[in-house]
Number of protein chains: 2
Amino acid sequence: MTRVSFKAQMLRAREEAIVAAVNRLLAEKGFDAMTVDAVAADVGIAKASLYKHFSSKEALAGAAMIGVLERAIAQVERLEQDASHATELDRLKALTRWTMQVQLAGEMPSLPAQNSALRAALIGNKTYLDRLMRLSDLLGAWIVAGQQAGRLDAGLPPEVVLYTLFARACDPVLSLLKAGGNHGDEQIIEMLMRTCFTGLAR
Amino acid sequence: MTRVSFKAQMLRAREEAIVAAVNRLLAEKGFDAMTVDAVAADVGIAKASLYKHFSSKEALAGAAMIGVLERAIAQVERLEQDASHATELDRLKALTRWTMQVQLAGEMPSLPAQNSALRAALIGNKTYLDRLMRLSDLLGAWIVAGQQAGRLDAGLPPEVVLYTLFARACDPVLSLLKAGGNHGDEQIIEMLMRTCFTGLAR
DNA sequence: GTCTATATCAAGATAGAC
DNA sequence: GTCTATCTTGATATAGAC
């Protein structure tokens, strides 16, 4: 029985609309500057209605983060199939490129590194933790394989490589260059891919 | 005449104490989580007195940023003299290392990338802009020279190299690794120097 | 210039009717 | 579950006495 009531469908659609608005606002203004009023206005419902779906501002952010993590996982699984990316390094590069594209498209929610209330809420969010660990495991496997194949620096703990790649998703250099207006999106991405994988020195 | 009144000395000392407190709190909690009450408490004066010295919270942050920029400039000038850093690349590396040490010591104020009120205030702060440009010019010269000498990737616009190095001052990977507790400070710095200058790939 | 006390306001969250 | 109206709090900033 996969039959779902009309009401449940509407509910789900509304929650998706909420998460989409949160995602957009989080990418545009960041967590602290995003107000719950703005989310409600963007969705077109009353603020009190929002709180029937999500219990707090932190819960809203958590839902948005789960959304991007799931999109990233889906992307990873797509790349696993794709024969055009033969090596693990190729796949890591493709995923990093995708990450930057999402950011340039204004769809990458960015959370402050230091916000204790938010961190506490995320740590208590089982679904969020599950998705984060799943993505970390998938990428960790690629990283270790890449190191064994001699294509990634094996002198770095896999953890360090993982964090460094995660950090590309919120790299301020990207928005700085974008704001500068001297380079196109594709060009920006290629330059940052270069600094990330081959470094600044020669 | 370098004679300065005792009163003026006290004033200056107090303002330095304020800036030191702001710097510490900015490094620890970030701009949004830092409250003016906390600054006042840390300095040990009333909040109203703070506002006699600085006109706004943004002005406080500006003063702290000017402080680190001036420390960085002093460091650059020191490195210019130091014969043990022969090439420009060596100097850039030394400065980057210093930057990370400051961050690990909890003395690097971190501002949110997206905060319009703060950005507006900083852009209107002549001294801040002057120090920022001066530091950029000094580093820009090293970068161009390094590229001409073939030690830095000459395919990257100097601007991109500059931003990438600036970003090391607030790299979230540093605090992540520190929080993980699996590596010592020196080890963390050496690993991030490697990802920065020689990249992840081999 | 420093203090205590207060104005002011933005924003997260909730009450209660429908 | 949705709404309008309201509560509550925390934080920036200021008044006014000394």
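So that the names make sense, note that chain A is the first sequence line, chain B the second, and so on, each numbered from 1.
The distance between atom CE of Met34(A) and atom P of dA11(C), rounded to the nearest whole Å, is 12 Å. At whole-Å resolution of the value, CG in Leu25(A) and C1' in dA11(C) are 15 Å apart. Atoms CD1 (Ile45(A)) and P (dA13(C)) sit 15 Å apart, rounded to a whole Å. Asp37(B) places its CG atom 16 Å from the P atom of dT9(D), with the value rounded to the nearest Å. Rounded to whole angstrom, the span from the CZ atom of Arg12(B) across to the P atom of dG1(C) amounts to 15 Å. As a whole-Å value, the separation of Phe54(B) CZ from dT2(C) P is 12 Å. Distance, Asp32(A) CG to dA10(C) C1': 14 Å, rounded to whole Å. At whole-Å resolution of the value, NZ in Lys47(B) and C1' in dC3(C) are 13 Å apart.
Backbone-only engagement by Ser56(A) is indicated by non-hydrogen atom pairs under 4.0 Å involving sugar-phosphate atoms exclusively. Residue contacts shown for Lys57(A) are limited to sugar-phosphate atoms, with no base heavy atom under 4.0 Å away. In this structure, Met10(A) reaches neither bases nor backbone, as no heavy-atom distance under 4.0 Å exists between it and the strands shown.
Neither OP1 nor OP2 of dT14(D) sits under 4.0 Å from any side-chain N or O of Tyr51(B). Put simply, Ser49(B) has no side-chain N or O that comes within less than 4.0 Å of OP1 or OP2 on dG1(C).
With respect to the salt-bridge test (charged N to carboxylate O, under 4.0 angstrom), the residues Glu186(B) and Lys178(B) do not qualify. Between Glu28(B) and Arg24(B), at least one side-chain N (NZ, or NE/NH1/NH2) sits under 4.0 Å from a carboxylate O, which counts as a salt bridge.
Residues Glu190(B) and His183(B) bring no donor and acceptor atom of their side chains to less than 3.5 Å of each other. A donor and an acceptor atom, one from each side chain of Arg12(B) and Gln9(B), are nowhere located under 3.5 Å apart.
Counting only heavy atoms from C-beta outward, the side chains of Arg168(A) and Thr164(A) approach each other to under 4.5 Å.
The residue among Phe31(A) and Ala48(A) whose nearest nucleotide of DNA chain C is located toward the 5' end is Phe31(A). Annotation: of the two residues near DNA chain C, Lys52(A) and Leu50(B), the 5′-most nearest-nucleotide partner is Leu50(B).
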